[in-house]
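In this text, all values refer to a predicted model and were calculated from it rather than measured experimentally.
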Amino acid sequence: MTRELATGTESFPIAGVFTISRGSRTEARVVTCTVSENGVRGHGECVPYPRYGESEESVISQIDAMREDIANGISRADLARSMPAGAARNAVDCALWDLEAKLSGRRASITACTIPPRPLQTAYTISLAEPEEMAAQARAHATRPLLKVKLGGEDDAARIHAVAGAAPDSRLIVDANEGWTEENIRENILAAAEFHVALIEQPLPAGKEEILREIPHPVPICADESVHTAEGLADLAGLYDFVNIKLDKTGGLTAALELRDRAREMGFGVMVGCMVGTSLAMAPAVLLAQGADFVDLDGPLLLAKDRPHGLSYTGSLVSPPSPQLWG
Ligand SMILES: CC(C)C[C@H](N)C(=O)N[C@H](CCOc1cc(O)cc2c1C(=O)N[C@@H]2C)C(=O)O
Ligand SMILES: [Mg+2]
């Protein structure tokens with residue numbers, strides 16, 4: 001067997017600006033991987049994240065280093081043994097899933113899901129800003145059933161208050177992206193509880209979260225930056241109630257399915273999340289998210305322009321991918 005590998009970078013404009021505690025973005029920069037066999041092409045997309053030491057260059061060179069193994073038809077299981085978890089492996093793993101589906105004529109969902117995949121309600125992300133500006137964003141999206149509110153500044157109790165007032169019928173997730181401290185976490189959790197927040201995501205920096213073992217969790221707490229793969233799960237027991245699974249952290253759908261199943265066995269709730277990417281990155285995650293407690297796959301909703309054959313979003317309801325897109 002001989003397979004061919006191609007990598008590339010692409011940029012998709014964001015509609016406006018996306019801001020979290022770490023900074024602002026006006027474009028989604030993604031790395032793509034295409035694996036071809038006899039003219040049949042499988043596609044995968046990933047988002048390199050500097051927070052995890054990744055850049056476009058490092059991710060492309062990691063993928064390129066696998067060229068010979070990919071040419072020789074490396075399996076997804078062997079890929080998981082040959083590359084570290086992260087964005088590079090995600091792009092290759094998802095390209096292999098897509099290629100397998102196209103070569104075999106069996107949709108990826110038949111392998112990845114126990115029952116046919118269904119449309120899912122995704123969260124919609126409210127960008128970090130001053131409380132009044134966040135309230136205005138929330139008001140514009142108040143009919144969405146689930147909003148994810150970016151926090152991590154000084155006035156987070158005021159932000160929660162402002163958003164809850166502006167979108168009284170929406171359930172809220174708050175995501176501090178590691179922006180809270182041991183000094184302000186108690187008051188912020190109390191504010192979240194007062195306004196019936198459904199989930200608090202990654203309040204403290206990864207590795208500095210031991211205090212979560214002692215403080216009350218009136219609102220369940222979800223690991224994001226603290227959880228990458230199934231191997232790290234045991235360390236999170238007693239600290240977190242949920243895990244946010246992203247393909248760019250696990251290194252693809254294969255390892256993400258393993259993390260999801262292990263997390264369930266260990267009693268964690270499951271959220272499936274994403275980076276700022278296109279429908280190509282969301283498509284495998286929609287399969288992973290079947291049965292998840294929280295779905296945060298709103299990447300394409302924040303883009304001014306998505307790929308051809310992009311996922312269909314009806315309000316916040318995202319449908320499984322068409323075969324023209326992926327899988
Ligand atoms: C499209 C949404 C914003 C995605 C999702 N709802 C979400 O909130 N994800 C964030 C991850 C934020 O993504 C970031 C943060 C950052 O500092 C830099 C980047 C990105 C990204 O996607 N691309 C660049 C590298 C979450 O759950 O924390
Ligand atoms: Mg997060």
Would you check if the side chain of Asp293 reaches a backbone N or O of Gly269 as a donor-acceptor pair within less than 3.5 Å?
no

Please say yes or no: joined through hydrophobic side-chain contacts below 4.5 Å, possibly via intermediate residues, are Met83 and Leu99 part of one cluster?
yes

Shared hydrophobic cluster, Met266 / Val270 (ILVMFWY, side-chain heavy atoms < 4.5 Å):
yes

Between the NZ atom in Lys246 and the SG atom in Cys46, the distance rounded to the nearest 0.5 Å is 14.0 Å

Is Leu212 close to Ile185 at the side-chain level, that is, under 4.5 Å between some pair of heavy atoms?
yes

Judged by atom type as modelled, is there a donor-acceptor pair below 3.5 Å linking the side chain of Glu258 to the main-chain atoms of Ala256?
no

Nearest 0.5 angstrom please: Phe12 CZ to Lys305 NZ, how far?
7.0 Å

Salt bridge check, Asp98 against Lys102: does any charged N sit closer than 4.0 Å to a carboxylate O?
yes

Judged by atom type as modelled, is there a donor-acceptor pair below 3.5 Å linking the side chain of Asp248 to the main-chain atoms of Val47?
yes

Between Arg51 and Glu178, does at least one N-O distance fall below 4.0 Å, as a salt bridge requires?
yes

Looking at every non-hydrogen atom in both residues, tell me the closest pair between Leu247 and Cys94 and how far apart they are.
CD1-SG, 4.1 Å

Is a donor on one side and an acceptor on the other found under 3.5 Å between the side chain of Ser82 and the backbone of Asp78?
yes

Within the distance-only criterion (no hydrogens, no angle test), does the side chain of Ser58 pair as donor or acceptor with the backbone N or O of Ser55 below 3.5 angstrom?
yes

When rounded to the nearest 0.5 angstrom, what distance separates CD1 in Ile245 from OG1 in Thr229?
11.0 Å

Main chain of Thr111, side chain of Arg106: is a donor-acceptor contact present, judged purely on distance under 3.5 Å?
no

Taking the side chain as everything from C-beta on, heavy atoms only, tell me whether Ile189 gets closer than 4.5 Å to Ile221.
yes

Between CE of Met282 and CG of Leu325, what distance do you get to the nearest 0.5 Å?
10.5 Å

Any side-chain heavy atom of Thr125 sitting closer than 4.5 Å to one from Asp296?
yes

Would you call Val35 and Glu4 a side-chain contact if the rule is heavy atoms closer than 4.5 Å?
no

Would you say the side chain of Asn188 lies within less than 4.5 Å of the side chain of Pro203, judging by non-hydrogen atoms?
no

Nearest 0.5 angstrom please: Leu302 CG to Phe18 CZ, how far?
7.0 Å

Restricting to non-hydrogen atoms, name the atom on Ser24 and the atom on Val17 that form the minimum distance, rounded to 0.1 Å.
CB-CG1, 3.8 Å

Looking at side-chain heavy atoms only, is the closest gap between Asp156 and Asn184 below 4.5 Å?
no

Of all heavy-atom pairs linking Cys33 and Ile63, the shortest is SG-CG2, 4.3 Å

Given Phe268 and Val227, is the side-chain contact (heavy atoms from CB on, under 4.5 Å) satisfied, shown in steps?
CA-CA 12 Å; Phe268 289 101; Val227 65; over 6 Å; no

Smallest separation among heavy atoms of Thr250 and His228, with atom names
CG2-O, 3.2 Å

Between the side chains of Arg264 and Asp261, is the shortest nitrogen-to-carboxylate-oxygen separation below 4.0 Å, so that they form an ion pair?
no

Below 6.0 angstrom between ring centroids: does that apply to His217 and Tyr240?
no

Just by distance, with hydrogens left out, do Thr254 and Trp97 show a side-chain donor and acceptor under 3.5 Å apart?
yes

Run Ser279 and Asp306 through side-chain hydrogen bond (donor to acceptor under 3.5 Å, both in side chains) and show every step you take.
CA-CA 7 Å; Ser279 280; Asp306 193 6; 2.5 Å; yes

Is a donor on one side and an acceptor on the other found under 3.5 Å between the side chain of Arg118 and the backbone of Pro320?
no

From Arg262 atom CZ to Leu259 atom CG, the distance as rounded to the nearest 0.5 Å
8.5 Å

Okay, side chain of Asp224, backbone of Gln202: is any donor-acceptor separation there less than 3.5 Å?
no

The test is side-chain contact (heavy atoms from CB on, under 4.5 Å); show your working for Leu79 and Leu96 and say whether it passes.
CA-CA 10 Å; Leu79 186 78; Leu96 292 181; 4.3 Å; yes

Is there any side chain to side chain donor-acceptor pair (under 3.5 Å) pair reaching into residues 160-175, and which pairs are they, with sequence neighbours excluded?
Lys148-Asp175, Lys150-Asp175

Would a 4.5 Å heavy-atom cut-off, applied to side chains only, mark Ile211 and Arg186 as touching?
yes

If I compare all heavy atoms of Val272 with all of Ala292, which pair ends up nearest, and what's the gap?
CG2-CB, 4.1 Å

Does Lys249 come within less than 4.0 Å of Glu225, counting only side-chain N to carboxylate O?
no

Once salt bridge (Lys or Arg N to Asp or Glu O under 4.0 Å) is applied, what residue pairs with a partner in residues 35-48 remain, sequence neighbours excluded?
Arg3-Glu37, Glu45-Arg307

So Ile173 and Leu147, side-chain contact (heavy atoms from CB on, under 4.5 Å) or not? Walk me through it.
CA-CA 6 Å; Ile173 298 169; Leu147 297 178; over 6 Å; no

Strictly by modelled atom types, are Glu27 and Ser11 linked by a side-chain donor-acceptor pair under 3.5 Å?
yes

Are any of the side-chain heavy atoms of Thr26 and Pro13 separated by less than 4.5 Å?
no

Would you say Val219 ends up clustered with Leu146 if hydrophobic residues are merged whenever their side chains have heavy atoms under 4.5 Å apart, either directly or through other cluster members?
no

For Leu128 and Gly152 the tightest heavy-atom approach is CD1-N, 4.4 Å

Common cluster, Val163/Ile160, ILVMFWY with side-chain heavy-atom separation under 4.5 Å:
yes

side-chain hydrogen bond (donor to acceptor under 3.5 Å, both in side chains) assessment of Ser226 paired with Glu209
CA-CA 9 Å; Ser226 290; Glu209 61 238 308; 2.4 Å; yes

Report, as yes or no, whether the 6.0 Å neighbourhood of atom CD on Glu154 holds more than 12 heavy atoms from other residues, nucleotides or ligands.
no

Quiz question: by atom type and distance under 3.5 Å, do the side chains of His43 and Thr34 form a donor-acceptor pair?
yes

Please determine whether side-chain contact (heavy atoms from CB on, under 4.5 Å) holds for the pair Met66 and Val92, giving the CA-CA distance in whole Å, both sets of side-chain angles, and the decisive distance to 0.1 Å.
CA-CA 9 Å; Met66 297 302 297; Val92 182; 5.6 Å; no

Taking a hydrophobic cluster as the set of Ile, Leu, Val, Met, Phe, Trp and Tyr residues connected by side-chain heavy atoms closer than 4.5 Å, whether directly or through intermediates, do Ile70 and Ile60 fall within one such cluster?
yes

